[in-house]
K.L.:
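Encoded as structure tokens, here's the structure I'll be asking about.
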Amino acid sequence: MSEDEASASDGDRLGPLDREVAQCLGELIFAWRDLEAMVHDMVLHLAVYHDRAYDRDSVFHPLHVALSHMGVRDHMQIARVLSLEVKAPASFHNDLCAAFKPIEQQLIPARNRYVHDAWEVGEAGVHLVGTKPKVVADGPRKFLQTRLRTPFANTSEVRALLHRIYRAQSSLTDLENVLAAQISALDRG
């Protein structure tokens, strides 16, 4: 069997819903990558705001090295602290915190559910298998069930999450533009 034939037969095992789920999850992964990059860049913009001599393009700068070993939650915390330290306008700090709040409280847990939980694809359909602990009663006995199977009927939940991620990206872009304008004004003044 040639490689093309093998690829074709692999694709044949996926039903229409399976393909739609795979495409939607791929979009989610790319959108999340972009959101994480925007949060990372916000830290760098705040560093430039603080010290216009800072070379944000130098990958060997200690800030780049440190950021490369941290996750998005850490980047958001650093950005919040930097926005206070660099004496950005209070409104900027408040808007930044407001933009980060739904990312931390809603988007990260939802994204992690789809990306890190197991998926089962079979004759019974597509199921998302979570690992959230749940106490289950079986008559007088109770036990802890850690793998919960949730039928996955369509991609509307994932698409709704994608739209929330895109809104978060838009908020961060607006904040980045505000900060860039302030940096330009400082450089001119």
Side-chain angles (χ1 to χ4, degrees), residues 2-46 56-57 59 64 66-80 83 95-134 146-180:
S2 75
E3 191 174 314
D4 290 337
E5 291 172 326
S7 295
S9 66
D10 287 344
D12 292 341
R13 289 189 292 190
L14 296 175
L17 176 61
D18 307 337
R19 282 189 189 90
E20 185 179 356
V21 168
Q23 179 182 359
C24 205
L25 290 175
E27 289 177 40
L28 175 63
I29 289 166
F30 282 108
W32 193 259
R33 177 209 58 204
D34 293 344
L35 181 67
E36 284 186 341
M38 294 176 85
V39 172
H40 177 270
D41 287 348
M42 182 63 68
V43 173
L44 299 179
H45 287 300
L46 286 162
R56 63 175 261 147
D57 296 324
V59 295
H64 286 279
L67 290 175
S68 70
H69 294 283
M70 297 177 187
V72 69
R73 287 182 194 265
D74 296 321
H75 292 180
M76 286 187 279
Q77 184 58 28
I78 292 168
R80 277 193 288 270
S83 71
D95 291 345
L96 184 68
C97 290
F100 285 166
K101 187 175 181 178
I103 295 170
E104 290 178 306
Q105 293 181 354
Q106 299 161 5
L107 301 183
I108 290 173
R111 176 261 182 197
N112 287 349
R113 175 177 173 235
Y114 292 115
V115 172
H116 295 295
D117 282 359
W119 287 86
E120 290 180 356
V121 178
E123 290 180 21
V126 178
H127 288 83
L128 185 59
V129 182
T131 55
K132 185 175 183 181
K134 175 182 174 185
T146 58
R147 295 187 63 76
L148 305 173
R149 296 178 81 236
T150 305
F152 191 81
N154 61 55
T155 59
S156 62
E157 278 184 42
V158 180
R159 296 231 177 262
L161 175 58
L162 276 167
H163 289 293
R164 292 189 346 243
I165 290 170
Y166 295 142
R167 280 196 307 269
Q169 289 175 350
S170 178
S171 294
L172 291 177
T173 298
D174 292 345
L175 285 168
E176 188 175 301
N177 291 337
V178 166
L179 194 57

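Heavy-atom basis, side chains included; hydrogens, waters and symmetry copies ignored. Throughout, residue positions are numbered sequentially from 1 according to the sequence presented.
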K.L.:
Do L107 and F100 have side chains that get closer than 4.5 Å, going by heavy atoms?
P.N.:
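Side-chain contact under 4.5 Å: no.
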
K.L.:
Report the distance from atom CD1 of I29 to atom SG of C24, rounding to the nearest 0.5 Å.
P.N.:
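Atom-to-atom, I29:CD1 and C24:SG are 10.5 Å apart.
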
K.L.:
State, with a plain yes or no, whether a side-chain heavy atom of L35 is found less than 4.5 Å away from one of R111.
P.N.:
no

K.L.:
Working to the nearest 0.5 Å, report the span between CD1 of I108 and CD1 of I165.
P.N.:
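That separation rounds to 10.0 Å.
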
K.L.:
Take L67 and L44, measure what side chain to side chain contact (heavy atoms under 4.5 Å, CB included) needs, and give me the verdict at the end.
P.N.:
CA-CA 10 Å; L67 290 175; L44 299 179; 3.9 Å; yes

K.L.:
Do S83 and L179 make a side-chain contact, defined as non-hydrogen atoms from C-beta onward lying under 4.5 Å apart?
P.N.:
no

K.L.:
To the nearest 0.5 Å, tell me how far R73 CZ sits from E36 CD.
P.N.:
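Result: 11.0 Å between the selected atoms.
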
K.L.:
If you define the side chain from C-beta out and look only at heavy atoms, does anything of V21 sit under 4.5 Å from V158?
P.N.:
no

K.L.:
Is there side-chain contact between Q77 and M70, with at least one heavy-atom pair below 4.5 Å?
P.N.:
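Side chain of Q77 against side chain of M70, heavy atoms only: no contact under 4.5 Å found.
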
K.L.:
What pair of heavy atoms forms the shortest contact from P102 to A99, and how long is it?
P.N.:
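Minimum heavy-atom contact is CD-O, 3.5 Å.
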
K.L.:
Any side-chain hydrogen bond (donor to acceptor under 3.5 Å, both in side chains) involving residues 165-176? Give me the pairs, sequence neighbours left out, ordered by first then second residue.
P.N.:
H45-E176

K.L.:
How long is the span from the CE atom in M76 to the CE atom in M42, to the nearest 0.5 Å?
P.N.:
11.5 Å

K.L.:
Out of curiosity, I78 CD1 to H40 NE2, how far, rounded to the nearest 0.5 Å?
P.N.:
9.0 Å

K.L.:
With side chains defined as the heavy atoms from C-beta onward, is the minimum distance between L172 and I103 less than 4.5 Å?
P.N.:
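In contact.
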
K.L.:
To the nearest 0.5 Å, tell me how far E20 CD sits from T155 OG1.
P.N.:
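Reported to 0.5 Å precision, the distance equals 3.5 Å.
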
